[in-house]
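The structure under discussion is supplied below as structure tokens; questions concerning it will follow.
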There are 2 protein chains.
Amino acid sequence: MQLSNTSKYAIRILSYMAREDSEYLYKSNELAKTLNISYKFLTKIMTELVKGKFILSIRGREGGFRLNNPASSITILDILKHFQAFTDFSTCILGNGACNPHNKCILHDKWASPRKDIRNMFATTTIDIVNSEDFKL
Amino acid sequence: MQLSNTSKYAIRILSYMAREDSEYLYKSNELAKTLNISYKFLTKIMTELVKGKFILSIRGREGGFRLNNPASSITILDILKHFQAFTDFSTCILGNGACNPHNKCILHDKWASPRKDIRNMFATTTIDIVNSEDFKL
DNA sequence: TTTAATTACTACTTTTTGGTAGAATTAAAA
DNA sequence: TTTTAATTCTACCAAAAAGTAGTAATTAAA
């Protein structure tokens, strides 16, 4: 009942990158230090974020990364989906084949409402939330 | 954002065992077949369930397993906790150290309410739910 | 007392996730 | 044109989770 490290890091990285204006180029080195993520693992995730079109990269000296879209348009759900961290709606929480109202696992009905709420929360929270209040990195 | 296979199996096994009256002894063989879980993996989980006092075992010929307590007293949360599938309340969803109102991750406030609802759902759902309606195994 | 049916134990293999190492590539600056 | 600071790629290593194999221990029935 928790997110993978990769998803967690991705959320923290992207929301941190929502702080500066869109011109600023974040370096892997800076990100790794301030977010306290191993440099090597971070660069792996950065590459994945580039492939997922969340960020764009400028290679070479003076290069770096910046968001590819306005922070207010990137939801937590977008990120989780990319890292397959939020299973789609046909798969139920007990994961015993697809659930439907006529053939449901014992938690099917109980899980429906919380699931909807979580999804909704993830879908309406964007990474620029960092600019509205004080958060730890 | 999902449960481990082991937790899922444990929930399915225990709720299946809530069907028959308390005298009946379930054999690993029967459980593995009806629940479609590999026999070897199932017996591993059964051993764990015995250690966790969820079930008791009768060894030897004509042996088997039965619930150790009334099905109506065993909650899904009990099971998840035993398999460490529900992290405790001090750890936040981004898992970046302990969160508190003065030092919180960006999802701290957003996650609070859904988390409470899920926990509540797990805490109030007992494995005898299978006896109130038709569910798949 | 032997046999068959059952759980329990120990150890291994496989798969997934998390993480690391090192070299290749790029492009600005010197 | 060389150096330097950055991303990218390929490959590996480690830890945890999932799953398998074989055998020992137990007990009732034959």
Side-chain angles (χ1 to χ4, degrees), chain A residues 1-13 17 23-68 80 82-87 94-96, chain B residues 1-13 17 23-68 80 82-87 94-96:
Chain A
M1 213 57 208
Q2 59 178 51
L3 300 176
S4 68
N5 266 353
T6 309
S7 317
K8 289 177 190 173
Y9 287 160
I11 293 171
R12 288 176 56 220
I13 292 165
M17 290 179 71
E23 299 304 306
Y24 185 80
L25 286 179
Y26 291 89
K27 324 283 184 220
S28 294
N29 215 301
E30 171 197 354
L31 292 171
K33 274 181 193 158
T34 50
L35 297 175
N36 199 33
I37 301 173
S38 120
Y39 174 81
K40 279 296 190 179
F41 195 34
L42 178 126
T43 57
K44 197 177 193 176
I45 295 172
M46 295 310 276
T47 302
E48 190 54 37
L49 290 174
V50 169
K51 283 179 185 154
K53 304 277 174 62
F54 290 100
I55 57 182
L56 54 80
S57 66
I58 312 289
R59 296 185 66 171
R61 185 167 177 158
E62 305 287 295
F65 303 92
R66 72 162 68 100
L67 294 180
N68 201 16
L80 295 181
H82 184 79
F83 290 97
Q84 272 131 26
F86 204 76
T87 56
L94 288 184
N96 180 25
Chain B
M1 210 60 208
Q2 59 178 50
L3 301 176
S4 69
N5 265 353
T6 309
S7 317
K8 289 177 191 173
Y9 288 158
I11 292 170
R12 288 176 56 222
I13 292 165
M17 291 178 71
E23 299 305 304
Y24 186 80
L25 285 179
Y26 291 90
K27 324 279 186 226
S28 292
N29 215 301
E30 170 197 354
L31 292 171
K33 274 181 192 158
T34 50
L35 297 175
N36 199 35
I37 301 173
S38 117
Y39 174 82
K40 279 296 188 180
F41 195 34
L42 178 125
T43 56
K44 196 177 194 177
I45 296 171
M46 294 312 275
T47 301
E48 190 54 38
L49 289 174
V50 170
K51 284 180 185 154
K53 306 276 176 63
F54 290 101
I55 58 182
L56 54 81
S57 66
I58 312 289
R59 296 185 66 170
R61 185 167 179 157
E62 305 288 294
F65 303 93
R66 73 162 67 101
L67 293 181
N68 201 14
L80 295 182
H82 183 79
F83 291 96
Q84 272 132 25
F86 203 76
T87 56
L94 288 186
N96 180 25

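Quick note on labels: first sequence line is chain A, next is B, and so on, each numbered from 1.
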B/I45: which of B/L42, B/L49, B/T43 passes side chain to side chain contact (heavy atoms under 4.5 Å, CB included):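 Only one option passes, and that is B/L49.
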B/A32 versus B/Y39, closest heavy-atom pair with distance: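 Nearest pair, atom of B/A32 first, then B/Y39: CB-CA, 3.8 Å.
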Which residue lies more 5' along DNA chain C, comparing B/M46 with A/N5 via nearest heavy atoms: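 Result: B/M46.
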d(NZ, B/K51; C1', C/dC9) in whole Å: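 After rounding, the gap between these two atoms is 8 Å.
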A/K8/A/N5 under side-chain contact (heavy atoms from CB on, under 4.5 Å): CA gap, chis, key distance, verdict: CA-CA 5 Å; A/K8 289 177 190 173; A/N5 266 353; 4.1 Å; yes
Short side-chain N/O contact to D/dT8 OP1/OP2 from A/S57, under 4.0 Å: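 Looking at the OP1 and OP2 atoms of D/dT8, one of them is under 4.0 Å from a side-chain N or O of A/S57.
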Sugar-phosphate, base or nothing in reach of A/F83, heavy atoms under 4.0 Å: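 Counting heavy atoms under 4.0 Å across all strands, no contact is made by A/F83.
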C/dG18 OP1/OP2 closer than 4.0 Å to side-chain N/O of A/T6: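 True: A/T6 side-chain N/O within range (under 4.0 Å) of C/dG18 OP1/OP2.
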Whole angstrom value for the distance that separates C1' of D/dT23 from OH of B/Y39: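 Nearest whole value for this atom pair: 12 Å.
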Distance, rounded to the nearest Å, where A/L42 contributes CG and D/dA6 contributes C1':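 Whole-Å distance recorded here is 13 Å.
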Whole angstrom value for the distance that separates P of C/dT7 from CZ of B/F41: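 Result: 17 Å.
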Sugar-phosphate only, base, or nothing, as touched by A/F65 at under 4.0 Å among non-hydrogen atoms: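 If one applies the 4.0 Å heavy-atom cut-off, A/F65 turns out to touch the sugar-phosphate alone, with no base involved.
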For atom CD1 of A/I37 and atom C1' of C/dT17, their distance in whole Å: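 Rounded to whole Å, this separation is 16 Å.
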Partner nucleotide of D/dA30 by Watson-Crick or wobble geometry (both distances under 3.5 Å):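 The answer is C/dT1, by the H-bond criterion.
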Any B/S38 side-chain nitrogen or oxygen under 4.0 Å from OP1 or OP2 of D/dA18: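 False: B/S38 side-chain N/O out of range (4.0 Å or more) of D/dA18 OP1/OP2.
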Separation of atom CD1 in A/I45 from atom C1' in C/dG19, rounded to whole Å: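 The distance from CD1 of A/I45 to C1' of C/dG19 comes to 10 Å, rounded to the nearest Å.
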Enclosure of B/Q84 CD (heavy-atom neighbours >12, cutoff 6.0 Å):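 Not buried by this count: 12 neighbours or fewer within 6.0 Å.
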A/M46 side chain reached by A/L31 side chain, heavy atoms, under 4.5 Å: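 A side-chain contact under 4.5 Å exists here.
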Presence of B/S28 side-chain N/O under 4.0 Å of C/dT7 phosphate oxygens OP1/OP2: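 Affirmative; the distance criterion is met.
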Which nucleotide in C/dG19, C/dA27, D/dT8 has an atom nearest any side-chain atom of A/R61: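 Of C/dG19, C/dA27, D/dT8, C/dA27 is nearest to the side chain of A/R61.
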base_contact_polar (D/dG19 base, B/K44 side chain, donor-acceptor, <3.5 Å):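 Checked by distance alone, the answer is yes.
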Residue-phosphate contact under 4.0 Å: A/T43 side-chain N/O, D/dT8 OP1/OP2: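 Indeed not, no polar side-chain atom of A/T43 lies that close.
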Any N/O donor-acceptor pair, A/R59 side-chain to C/dT25 base, under 3.5 Å: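 Donor-acceptor pair under 3.5 Å: yes.
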Side-chain N,O (B/N29) to OP1/OP2 (C/dT6) below 4.0 Å: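 It does not, given that no N or O in the side chain of B/N29 lies less than 4.0 Å from OP1 or OP2 of C/dT6.
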Atom-pair distance (CD1 on A/I58; C1' on C/dA27), nearest Å: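 Interatomic distance, CD1 of A/I58 to C1' of C/dA27: 11 Å.
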Minimum heavy-atom distance B/S57-B/V50, with the two atoms named: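 The pair with the smallest heavy-atom distance is CB-CG2, 4.1 Å.
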Euclidean distance, atom CD of residue B/E62 to atom P of D/dA29 [Å, nearest integer]: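 Answer to the nearest Å: 6 Å.
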hbond_proxy A/K40 side chain to C/dG18 base (donor-acceptor, 3.5 Å cutoff):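 Not at all, since no donor on one side and acceptor on the other fall under 3.5 Å apart.
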